[in-house]
Every structure is written in structure tokens, then in C-alpha cells.
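Following: one structure in C-alpha cells, then a few remarks.
As the structure is a computational prediction, the values presented were derived from the model and not from experiment.
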Amino acid sequence: MINNPVRFPWNRKKQLELRIYRMTCSKCDYKEDLTIKNPNITTISNPDCEHSHEPREVDTLPVVCPECGVKLKKTNIPVKIYY
């Protein structure tokens, strides 16, 4: 039996998660998918493709609707990344 097991550095790292939030308004039909900017995750965009369906990156999530001023409902969309 080994008293001092080998500890690899990748076992202690926190796994990176991409969090996508769907912001919806109950009064008007405002819906938008947003992500919070993360310096550890780099997103590369292909200029030949249309990226209108991808979530927009923001520093902080908005609290009120930009169209009517009512409080927004925040829903976390689960993202599964397999590698």
C-alpha cells in the first residue's frame, strides 16, 4: 500500500462550464440568450457563417427588460460538453 499517492495537477483544477441563460419578459415577447464573459473560455467565430443563433456575451446579466422595463425571468440552459 502506498502512503503518498501521486497527485496530478489536473485532478485539482476546476472544470470550466459554459453557462447560457435565456432571459424572457412576461409582459412583452422579449427573449434573448446570453452568456457571461469568461476570460478562461475563448470563442472563435467563423466569418463565413451566420452567428445570429449564438448567445450574446455580456459582462452582467440585465435585470429589467430593455423594451418595457419589467423584471426579466432568468433560466439556465444546461450545456453538455463531451470530449
Notebook entry, point to check: Leu34 and Pro62: which non-hydrogen atoms are nearest, and at how many Å?
Noted result: CD1-CD, 3.5 Å

Next item on the list: Please indicate whether Asp29 has more than 12 foreign heavy atoms, meaning atoms of other residues, nucleotides or ligands, lying under 6.0 Å from its CG.
Entry: no

Notebook entry, point to check: So, for Thr35 and Arg19, which heavy atoms are closest and what is the spacing to 0.1 Å?
Noted result: CG2-O, 3.5 Å

Next item on the list: Grab the two heavy atoms, one from Val64 and one from Leu72, that are nearest each other, plus how far apart they are.
Entry: O-CD1, 3.6 Å

Next item on the list: Enter the distance from Ile77:CD1 to Tyr21:OH here, rounded to the nearest 0.5 Å.
Entry: 10.5 Å

Checklist line | Test item: Tyr30 and Pro66 side chains (from C-beta on) under 4.5 Å apart, heavy atoms | finding: yes

Checklist line | Rounded distance (nearest 0.5 Å) linking atom NZ of Lys74 with atom CG of Leu61 | finding: 6.0 Å

Check: How many angstroms lie between CG in Asn76 and CZ in Arg22, if you round to the nearest 0.5 Å?
Finding: 11.0 Å

Margin query: Please report the interatomic distance SG(Cys25) to NZ(Lys73), rounded to the nearest 0.5 Å.
Written below: 12.0 Å

Notebook entry, point to check: Which distance, rounded to the nearest 0.5 Å, do you find between the CD1 of Ile20 and the CZ of Arg56?
Noted result: 14.0 Å

Margin query: With rounding to the nearest 0.5 angstrom, report the SG to CD distance, Cys65 to Glu32.
Written below: 10.0 Å

